[in-house]
Amino acid sequence: MPDLLLELFSEEIPARMQARAAEDLRKSVTDRLVGAGLVYEGAKAFVTPRRLTLAVHGVPARQPDLREEKKGPRVGAPDNAIAGFLKAAGLKSIDEAKVQPDKKGDFYVAVIEKPGRAAIDVIGEMLPDVIKSFPWTKSMRWGEQSKAPGALNWVRPLHSIVATFGPETEEPEIVPFSVGGIAAGNETRGHRFLAPAPFTVRRFADYAQKLDKAKVVLDAERRRDIILTEAKQLAFAQGLELIEDEGLLAEVAGLVEWPVVLMGSFDEKFLRIPQEVIRATIRNNQKCFVLRDAAHAKLVDKFILVSNLEAEDGGKAIVAGNERVIRARLSDAKFFYETDLKTRLEDRLPKFKDIIFHEKLGTQWHSIERMEILAAELAPFVGADLAKAKRAARLCKADLLTEVVGEFPELQGLMGKYYAEAQGEDEAVAHACEDHYKPKGPDDLVPSDPVSIAVALADKIDRLVGFWAVDEKPTGSKDPYALRRAALGVIRLVIENKICLPLMSVLIPARVMIGDDLKHQQLDQLVEPIGRLREAGFSDRRINPIWSDLERSRFPEKLSDQEKNTALDELANLLSSLAERLKAQLREQGARHDLVDAVFALEGQDDLLLIVRRVEALGKFLDAEDGKNLLAGYKRATNIIRIEEKKDNREYTDAPNPSLYKLAEEKALAQAIDASRVEATRAVGTEDFEAAMRAMASLRPHVDAFFDKVTVNVDDKALRENRLKLLNEIRAATRAVADFSKIEG
């Protein structure tokens, strides 16, 4: 079967767009082939800085013939219905249709036969549309053709198109089409400098082989392997180790068509600045890799660069050029770092008063003040030193105003640690400056030091409560303030560090502070207009009521009941959002969804760690024989109650009357329920959920005996009602540990 080869040859495609572009090309062409009835055997896309290539194997030479029966109106239908049918079916007269009997009568049916076309003609029609509608995130027009109507938009100027089609045993044909004044052909070029002469190609195997000879490695994966292997070998030869960087490796592989790996060096004096600054400087500015001593894991004064040239001098000039640029960049970085060290972190803080955190939430200064108070609130829960937690919360954002972080934002937090250490801060405070942003994602490490935990939680809780208060919650796929990440961070910090933290005890103070700051902003907004009123001659007698009314309402304790209820509703909504994320995480970790729902159905669940422990204990309990049997008894009891409540149109939730117990099994069950409820409640209070489950398990023989010996639906109305109420006590008692109605089975 024939194969299709397509190459779109252009100026350099940005490395960040290449992988997506290759996939878009493959999907766009193959979807259209299948839609046209040309079902292929395989397809693979390739990309280099200067070309997008697609090879499709096993395409049919022709479309299959199409035969379709189109049902029309009933025989004898109105003329306008007949006319519409003829037009839709492409028939000239109704005589061309056949009559087909149906249960409801005779109907006209048009038999449409459409012969298949040659695949090369179909492909020639679809490819221009693929190219014109290609989904580049950014594109451009160029040259004189850019002024013409319908001019081609492409990521960079498109120079040529290769499009061949045919079986392996024959000479392939050129697919006949043109786009933007460029006609498809069979001619391409190799490396821009090493093999610029044009050459013709036939099919993919021939194309790939000739490109390799023309100094172009077509496969991006192979370019990455070449770079990584040669870089490791160069490093190993000098007793060094490459610091691998997948993101940089992918980017560099997208910058070269013929990778040549070289090693350069820089002045050893630069090693006195933090290693991360050196790495960021060399990586971000020159797209080079750094090396470390294999024995001590410390950076060395050498780097790996990847050239796109095989130079006659072995790359000496290329290396020297990169060394000059890196020397200048490292000099800048060293100057920034040394300049930053001259100013203490706390001396930078006043500048935050002029930096808006969010237009509705005030300045970054307000946020830092709230974090400091929240860290103090959290310190006892996480076992952190109060003074250290407050100090870390005050300093942790200060490095945002440093020169190094201004140049390399990805180093925020880390540089805060270095500067804190340099000015003699306690080690826990310094590490909290770095760790308070963590975890940044599901795979990031979670801080374990108590001071770091307190500050990290304070940062995330302040952010969540603040944005909930101003109704800037995540919606659908939109989360501009990374609130979902903050919520997951709170969950991981609490669960992985095994911290018992009743969240509402922290959320309420956080919301109180947010409300206070919102009031302050209203006051601040009035300062200037009130000054203008005074300048205009208004007396204080007329101005003061405006000011004092707002002043009286500024403090949280003066909030109206409506404001308090609104705030509590916000926090309940936030707590529900955290619960949903915890549910999702527990399910991903293999917890049964019904057990998670059974625990979350209980009211007042705001301690995430206790929720997780309760789910785990419930799972173990229900895996045991006692748990399974108790669940079966619970289901039987609730089914009876539900049926009878529906029949009687009432609920049996009142306490049963002990004087109406007639049988020993009734009395025994009632006593067992009272005892287990007391024991389970006590165990839950001491966070011993396994003991709570054992208390529930003690009900099992009494429930079994009740159903064996006691008839619920007796003729005696009072006795029947009392027994239904006793069954309801089983339902009520189990809620001490979970809502068993949510459990399947």
Side-chain angles (χ1 to χ4, degrees), residues 572 576 579-580 583 587 591-605 611 614-615 618-619 621-678 680-681 684 692-693 695-745:
S576 175
E580 287 302 318
K583 278 185 183 182
R587 288 165 184 160
R592 282 173 48 181
H593 70 89
D594 56 332
L595 304 190
V596 175
D597 291 339
V599 171
F600 273 95
L602 301 179
E603 294 181 4
Q605 300 296 304
I611 290 171
R614 194 179 290 218
V615 170
L618 183 59
F621 174 60
L622 292 174
D623 284 340
E625 197 65 27
D626 281 346
K628 293 175 183 176
N629 289 336
L630 178 60
L631 177 61
Y634 170 89
K635 296 285 186 183
R636 185 175 177 183
T638 52
N639 285 338
I640 292 171
I641 296 168
R642 186 173 60 253
I643 292 168
E644 299 307 313
E645 285 181 336
K646 184 177 180 181
K647 183 194 302 181
D648 300 342
N649 194 26
R650 58 162 293 186
E651 293 182 347
Y652 292 101
T653 55
D654 297 336
N657 184 353
S659 66
L660 293 177
Y661 296 149
K662 300 297 185 183
L663 300 176
E665 288 78 11
E666 289 178 274
K667 298 174 184 178
L669 177 58
Q671 291 171 356
I673 288 173
D674 290 340
S676 65
R677 187 173 354 204
V678 170
T681 303
V684 168
M693 298 301 166
M696 287 294 102
S698 67
L699 285 177
R700 178 234 169 146
H702 302 287
V703 172
D704 291 347
F706 179 89
F707 283 119
D708 284 343
K709 302 294 183 180
V710 179
T711 302
V712 176
N713 286 315
V714 293
D715 294 334
D716 187 326
K717 183 178 179 182
L719 185 58
R720 170 179 174 273
E721 181 177 313
N722 202 60
R723 287 176 176 175
L724 287 171
K725 289 177 180 179
L726 180 58
L727 288 183
N728 186 68
E729 290 290 286
I730 300 174
R731 180 165 61 180
T734 55
R735 287 191 67 85
V737 293
D739 184 348
F740 274 47
S741 67
K742 303 288 184 182
I743 301 174
E744 298 175 357

Can you see which heavy atom on G619 is nearest to which on L595, and at what distance? CA-CD1, 3.4 Å
Which atom names give the shortest non-hydrogen contact between L726 and E666, and what distance separates them? CD2-O, 3.9 Å
May I ask you to say whether E645 pairs ionically with R642, meaning some side-chain N is under 4.0 Å from a carboxylate O? no
Is there a side-chain contact between N722 and Y661 in this structure, where contact means two heavy atoms from C-beta onward sitting under 4.5 Å apart? yes
Here the gap from E651 atom CD to L724 atom CG, rounded to the nearest 0.5 Å, amounts to 12.5 Å
Minimum side-chain heavy-atom gap F621-L630 below 4.5 Å: yes
CG of D716 to CG of L660: how many Å apart, nearest 0.5 Å? 8.0 Å
Taking atom CZ of F600 and atom NE2 of H593, what is their separation to the nearest 0.5 Å? 14.5 Å
Give me the atom names and distance for the closest heavy-atom approach of A601 to K742. CB-CE, 4.0 Å
Are side-chain heavy atoms of F707 and L669 found at a separation under 4.5 Å? no
Quick one: closest heavy-atom pair of R677 and A732, and the distance? NH1-CB, 4.0 Å
Heavy-atom pair of closest approach, residues R723 and T711: NH1-O, 2.6 Å
I'd like to know if the side chain of D648 reaches the main chain of R650, judged simply by a donor and an acceptor atom lying under 3.5 Å from each other, with no hydrogens or angles considered. no
Go through the steps for F740 and T638 under the test side-chain contact (heavy atoms from CB on, under 4.5 Å), then give the verdict. CA-CA 10 Å; F740 274 47; T638 52; over 6 Å; no
Can you establish whether the number of heavy atoms outside D708 located under 6.0 Å from its atom CG is more than 12? yes
Rounded to the nearest 0.5 Å, what separation is found between the CZ atom of R731 and the CG atom of D739? 9.5 Å
Give the intermediate values and the outcome of side-chain contact (heavy atoms from CB on, under 4.5 Å) for residues L622 and M693. CA-CA 9 Å; L622 292 174; M693 298 301 166; over 6 Å; no
Salt bridge R700-D704, side-chain N to carboxylate O under 4.0 Å: yes
Would K717 and E721 pass as an ion pair if we require N to O under 4.0 Å? no
From T653 atom OG1 to E729 atom CD, the distance as rounded to the nearest 0.5 Å: 9.5 Å
Out of curiosity, L699 CG to I673 CD1, how far, rounded to the nearest 0.5 Å? 6.0 Å
Ionic contact status for D594 with R592, cut-off 4.0 Å: yes
Of all heavy-atom pairs between S676 and A695, which one has the smallest distance, and what is that distance? CB-O, 3.2 Å
Walk me through it: do V712 and F706 pass the test side-chain contact (heavy atoms from CB on, under 4.5 Å)? CA-CA 9 Å; V712 176; F706 179 89; 3.9 Å; yes
